[in-house]
Amino acid sequence: MGRLVIVSNRAPSIDGTGDSGGLVVALKDALAKDGGLWIGGAPEQTDTPASSLVFHHRPDFDIGLFELEPQLYRDYYFGYSNSLLWPALHGRVDLIEVQPRYAAAYSEVSRRLARMISDTVRSDDVIWVHDYQLIPLAHELRVLGCRNRIGFFLHIPVPGLETFKAIPEWRDLAAWLAEYDLIGVQTQRDLAHLINIFRHTLRGELRSNGNMGINGREVVLGCFPISINVEGFRRLAEEGSIGTPPPPLPRLIGVDRLDYSKGLPQRLAGYETFLSQYARFRSKVSLLQIAPPTRDDVEAYRDIREELELRAGHINGLYGTVDWTPVQYIHRALPRDELAVLFRLSRVGLVTPLFDGMNLVAKEYVAAQDETDPGVLILSQFAGAAEEMPQALIVNPHDPQDMAEAIKTALEMPRAERIARHEALYDYLANHDVEYWSSSFLKRLLAVETIDLHWTSRYSAYQPGVKAS
Ligand code: ADP
Ligand code: F6P
């Protein structure tokens, strides 16, 4: 095998200082092993973008940045990616915004990127594309004659067919996905939806090995739940908490980007129900919600911020006293080592999205706990992580009563039960960490038969935008 070439919308930092993000931590070891290349978007846009990748060398791997003009970037990232694909794939078709220029920008970015990549990849390189921002990339690379193995991993959910059809370009998206050699998704739920989409859109046929026959070739499908560096995060929490005093009251913690998929107003509604029904806990617990801003240029994100602040203010106004603030809210990102300690010193972790590809915070909370006196994870049934973490308290985030009961159960849970649940969760995670995730995906990708000989006729036959029956 040649190099591993990772492609994602966000690039890792050039100097290695921003390596705390899940994806970078996940993949940098795999890249460093055989000397790889990570291609990602430049952090700043420019009116005169370079027509080729801008390379930087790190000791562990190389980085190739692609530059975009501000307007193209806005239409591709805030527009198609985050005002259409993100809400649709998270089941929020009420929030989608359809604009022809968004679709054009989305295809244009993959087209340009494919040109830059084909100038730089070697014939034995293996290409691994990440996430919904770059779905058309394999198609564009094939059009340019690229015959490398190309894998794709979708970090966010695959919705049901009818929801998927709310995206005007749903047929194109399905066809673009089918150009990859291997498609990885987070959960069995996503895999079932993807199979159904391929069946209905491209007359895909499910084979006995779990792959799909589409247009005369086999597309390999797999479920690869992403994870974290479990032992590393545990150590960060353990070492950081030495000498740190515990909070004055048992603490519930939530840590999420301020995204409408994370169910933050619903979480506060559950907490409010808890305080209203179980008055004896008033002044005896606190909720810390850390929710940094994200994608601020999209209206739905501004709306969710207002709603959250309103609800937090409402609860504090209703139940707060001179000595007690029921909800503490921090609207910014915190360093990873601080988060790890906060997780460890919190009695309850609240991870209650309305829909989520995986949710790494759930895994971080478990990894950070003191095994001799662990906290309790309350996890939404709609987080991808729920498939792997049944020993958490699983809740329906739309039901404030269910959340209130779970909070009470968690706070009253005897130590022996907390230890038993934590042990089962931790043991599973220790055996399914991020290294396991990336190596299983790559092993599968390397096992894919090389591209069939008829690829040229297939790719010249397919025209994006032309609707299949
Ligand atoms: P998503 O990818 O949708 O943001 P995940 O839960 O899978 O959701 O991953 C979020 C990552 O971002 C986690 O590693 C988490 O620790 C980190 N993160 C979330 N909120 C903050 C914050 N306030 N400060 C620092 N890191 C954060
Ligand atoms: O996990 C889904 C995801 O979209 C990642 O692709 C991305 O890195 C993360 O959420 C944060 O989103 P963004 O890169 O748009 O800030």
Side-chain angles (χ1 to χ4, degrees), residues 6-12 18-27 38 40-41 43 73-74 76-83 85-87 89-90 129-135 152-158 185-187 190 225-230 232-233 236-237 253-264 288-298 300-301 308 328-344 346 349-368 377 379-380 382-386 388-389 434 437:
I6 302 282
V7 193
S8 64
N9 169 63
R10 243 177 227 285
D19 279 358
S20 55
L23 194 59
V24 185
V25 174
L27 292 168
W38 190 316
Y73 175 78
R74 272 196 294 276
Y76 146 78
Y77 175 76
F78 292 113
Y80 202 84
S81 299
N82 288 310
S83 299
L85 286 184
W86 179 276
L89 271 62
H90 284 85
V129 180
H130 288 265
D131 232 355
Y132 61 104
Q133 303 94 343
L134 298 173
I135 291 173
F152 177 78
F153 185 77
L154 185 65
H155 291 251
I156 68 174
V158 182
V185 293
Q186 300 271 29
T187 60
D190 299 325
I226 196 170
S227 191
I228 59 166
N229 176 350
V230 177
F233 204 78
L236 204 60
I253 191 167
V255 175
D256 318 71
R257 281 183 305 105
L258 216 180
D259 193 294
Y260 48 81
S261 65
K262 304 293 179 185
L264 300 177
L288 171 62
Q289 178 61 55
I290 304 171
T294 175
R295 305 171 191 167
D296 262 357
D297 277 32
V298 179
Y301 287 81
L308 187 69
Q328 277 179 286
Y329 167 54
I330 297 177
H331 183 51
R332 59 173 193 281
L334 294 186
R336 207 165 167 71
D337 50 352
E338 271 182 46
L339 275 187
V341 174
L342 285 170
F343 283 142
R344 189 175 177 94
S346 296
L350 283 167
V351 179
T352 55
L354 304 181
F355 207 5
D356 211 328
M358 175 50 57
N359 203 300
L360 293 176
V361 171
K363 297 186 173 181
E364 290 170 353
Y365 179 77
V366 169
L377 175 66
L379 181 61
S380 161
F382 302 114
E388 295 176 280
M389 304 176 84
V434 70
W437 169 75

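All residue numbers refer to positions in the sequence shown, counting from 1. For ligands, and for the atoms within them, numbers begin at 1 and follow the listed sequence.
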Exercise. Compute whether any side-chain donor of one residue and acceptor of the other, for Asp256 and Gln289, lie under 3.5 angstrom apart.
Key: yes
Exercise. Look at Asp259 together with Arg295 and state whether they make a salt bridge at an N to O cut-off of under 4.0 Å.
Key: yes
Quiz item: Of all the heavy atoms in His155, does at least one lie under 4.0 Å from an atom in ligand 1?
Solution: no
Quiz item: Under 3.5 Å, N or O to N or O, is Trp86 touching ligand 1 that way?
Solution: no
Exercise. Begin with the C-alpha distance, continue with both residues' side-chain angles, and end with the deciding distance and a verdict on ring-ring contact (aromatic ring centres under 6.0 Å, His included) for Phe153 and Trp437.
Key: CA-CA 11 Å; Phe153 185 77; Trp437 169 75; 5.2 Å; yes
Quiz item: Is the shortest N/O to N/O distance between Asp356 and ligand 1 below 3.5 Å?
Solution: no
Quiz prompt | Numbering as shown, the atoms of ligand 1 that approach Lys262 to under 4.0 Å (heavy-atom distance) | solution = 1 (P), 3 (O), 8 (O)
Self-check item: Neighbour list for ligand 2 [protein residues, heavy atom under 4.0 Å]
Solution: Arg10, Tyr77, Trp86, Asp131, Tyr132, Gln133, Ile156, Arg257, Arg295
Self-check item: Sub-4.0 Å atoms of ligand 1 with respect to non-hydrogen atoms of Arg332
Solution: 23 (N)
Quiz item: Does the N or O separation between Ile290 and ligand 1 drop below 3.5 Å for any pair?
Solution: no
Quiz item: Looking only at N/O atoms, are Leu334 and ligand 1 under 3.5 Å apart anywhere?
Solution: yes
Practice problem: Taking Asp356 for its side chain and Gly384 for its backbone only, find out whether a donor-acceptor pair lies under 3.5 Å. | Solution: no
Quiz item: Does Ser8 reach the side chain of Trp38, with side-chain heavy atoms less than 4.5 Å apart?
Solution: yes
Quiz item: With side chains defined as the heavy atoms from C-beta onward, is the minimum distance between Leu342 and Ile290 less than 4.5 Å?
Solution: yes
Quiz item: Short list, please: which atoms of ligand 1 are under 4.0 Å from a heavy atom of Arg336?
Solution: 14 (O), 16 (O)
Quiz item: Hey, does Phe382 have a side-chain heavy atom less than 4.5 Å from the side chain of Pro353?
Solution: no
Quiz prompt | Test item: Ser83 side-chain N/O and Phe78 main-chain N/O as donor-acceptor pair under 3.5 Å | solution = yes
Exercise. Give the atoms of ligand 1, by number and element, whose distance to some non-hydrogen atom of Pro292 is under 4.0 Å.
Key: 20 (N), 21 (C), 22 (C), 23 (N)
Exercise. Might you point out which heavy atoms bring Ala362 and Met389 nearest each other, and give the distance in Å?
Key: O-CE, 3.8 Å
Quiz item: Hey, does Tyr365 have a side-chain heavy atom less than 4.5 Å from the side chain of Val255?
Solution: no
Practice problem: Could you list the atoms of ligand 1 found under 4.0 angstrom from a heavy atom of Val255? | Solution: 19 (C), 20 (N), 21 (C)
Practice problem: List every atom of ligand 1 that sits less than 4.0 Å from any heavy atom of Arg257, numbering the atoms from 1 in the order shown and giving each element. | Solution: 1 (P), 3 (O), 4 (O)
Self-check item: Atom pair CZ/CG of Arg74 and Asn82 - distance to nearest 0.5 Å
Solution: 14.5 Å
Quiz item: Just by distance, with hydrogens left out, do Asp297 and Tyr77 show a side-chain donor and acceptor under 3.5 Å apart?
Solution: no
Quiz prompt | Atoms of ligand 1 close to Val361 [distance to a heavy atom under 4.0 angstrom, numbered from 1] | solution = 6 (O), 15 (C)
Quiz item: Atoms of ligand 1 less than 4.0 Å from Leu339 heavy atoms?
Solution: 16 (O), 24 (N), 25 (C), 26 (N), 27 (C)
Quiz item: Looking only at heavy atoms of Glu364, does any of them come nearer than 4.0 Å to an atom of ligand 1?
Solution: yes
Practice problem: For Tyr80, check ring-ring contact (aromatic ring centres under 6.0 Å, His included) against everything at least two apart and list the hits. | Solution: Tyr106
